[in-house]
There are 2 protein chains.
Amino acid sequence: MKKSVLDVAKLEAAASKLRAIGHPMRIAIIDMLNDEPQMNVTRIYKGLGIEQASASHHLNILKTKGVLVSKRDGKKILYSIKNTALSEIIDCINRCSDY
Amino acid sequence: MKKSVLDVAKLEAAASKLRAIGHPMRIAIIDMLNDEPQMNVTRIYKGLGIEQASASHHLNILKTKGVLVSKRDGKKILYSIKNTALSEIIDCINRCSDY
DNA sequence: TTTATACATACATATATTTGAATATACTAT
DNA sequence: ATAGTATATTCAAATATATGTATGTATAAA
């Protein structure tokens, strides 16, 4: 079950997703969505105290890289975490970051 | 066991570590070290087909962010993964990246 | 102490990412 | 149709990251 062949495309995909998560604001977004599984953009950018455009940008990155999904609800767009494996990663990182 | 308070320092630390891993070459390095737990710089940069300075740079990032450790062995410097949790993360990412 | 080897560092350039301000689009209600 | 609200996009400036070339440092062997 071990792939020693270095598949460039896979490496890029994995790196890309890691970089997507690897930003304080984006981790904060994921964290918020861990507590409250669906949030709209306004709630998120006000909760984080950042510009709306900035939040939109980060949300787009997380969505593009497959971390979040979104669906429209009237005027609002609701974002949520695409899969739970992500939370596991965050937990794992948090456990590891005490070194 | 859930911390909903957003600790900026922790977020930065986690993000920083994720970004450290979030580079194809650096994932490749971790991958190599998964197969062979201790490698010197020459072996790594020749194995990856990159410049020595570039490998040294990536290794330094991984070391600084607490992902790898190094120890001298004569003329060589041996690098190894600092803890196994990282491999778990990589595995996890690999599992998740098929979306 | 000289020479060769292994690695690290410094620097410049190229490229990518982040941010805010302004603008555009989508939807709702009137 | 118009106005207001929610979100996305565009653009430019600031900052961060990556890469190659050159140079520096540490160790080993002669």
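Labels below follow one simple rule: chain letters A, B, ... track the order of the sequence lines, proteins then strands, and each chain is numbered from 1. Because only heavy atoms are used, hydrogens play no part in the values below, and waters and symmetry mates are left out as well, while side chains stay in. Everything quoted here is computed from the prediction, not taken from an experiment.
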query = Do B:R43 and B:E36 come within less than 4.5 Å of each other through their side chains, counting heavy atoms only?
reply =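 The answer is yes, as the side chains (C-beta and beyond) meet within the 4.5 Å cut-off.
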Need one value for [X]: base, sugar-phosphate or nothing, where a base atom within 4.0 Å counts as base even if backbone is also close, heavy atoms only.
X	value
B:S56	base
B:H58	sugar-phosphate
A:Y45	nothing
A:L59	nothing

Distance in angstrom units between [X] [atom1] and [N] [atom2], rounded:
X	N	atom1	atom2	answer
B:L62	D:dT17	CG	P	14 Å
A:I77	D:dT9	CD1	P	10 Å
A:K75	D:dG4	NZ	P	11 Å
B:M25	D:dG20	CE	C1'	14 Å
A:I61	D:dT9	CD1	C1'	13 Å
A:Y79	D:dT7	OH	P	9 Å
B:R72	D:dA26	CZ	P	9 Å
A:M39	D:dA6	CE	P	14 Å

Any side-chain N or O of [X] below 4.0 angstrom from OP1/OP2 of [N]?
X	N	value
B:R26	D:dA18	yes
A:T42	D:dT5	no
B:R19	D:dT17	yes

ask   = Given the rule that I, L, V, M, F, W and Y join up when any side-chain heavy atoms are under 4.5 Å apart, are A:V41 and A:L33 in one cluster?
value =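 In one cluster with A:V41: A:L33, yes.
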query = Can you get from A:L59 to A:I77 by hopping between Ile, Leu, Val, Met, Phe, Trp and Tyr side chains that sit under 4.5 Å apart?
reply =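 Yes; A:I77 is reachable from A:L59 via cluster members.
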message = side-chain contact (heavy atoms from CB on, under 4.5 Å) for B:K71 and B:Q38? Distances and angles first, verdict last.
response = CA-CA 10 Å; B:K71 69 169 189 183; B:Q38 272 200 338; 3.5 Å; yes
request  = Identify the 5'-most and 3'-most nucleotides of DNA chain C with at least one atom closer than 4.0 Å to a non-hydrogen atom of chain B.
outcome  =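 So the outermost contacting nucleotides come out as C:dT5 to C:dT9.
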query = For A:K65, does the NZ atom have more than 12 heavy-atom neighbours from other residues, nucleotides or ligands under 6.0 Å away?
reply =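 Enclosed: over 12 neighbouring heavy atoms sit under 6.0 Å from NZ of A:K65.
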Backbone N/O of B:A20 and side chain of B:R26: donor-acceptor pair under 3.5 Å =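 Yes, B:R26 side chain to B:A20 backbone: donor-acceptor pair under 3.5 Å.
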message = Please check this pair: side chain of A:D73 against backbone of A:K76, looking for a donor-acceptor N/O pair closer than 3.5 Å.
response =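 Between the backbone of A:K76 and the side chain of A:D73 there is no qualifying donor-acceptor contact (under 3.5 Å).
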Comparing B:Q52 and B:K65 on DNA chain D - which has the more 5′ nearest nucleotide =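 Upstream on the strand: B:K65.
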key: Comparing A:H23 and B:K46 on DNA chain C - which has the more 5′ nearest nucleotide   =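 Residue closer to the 5' terminus by nearest nucleotide: B:K46.
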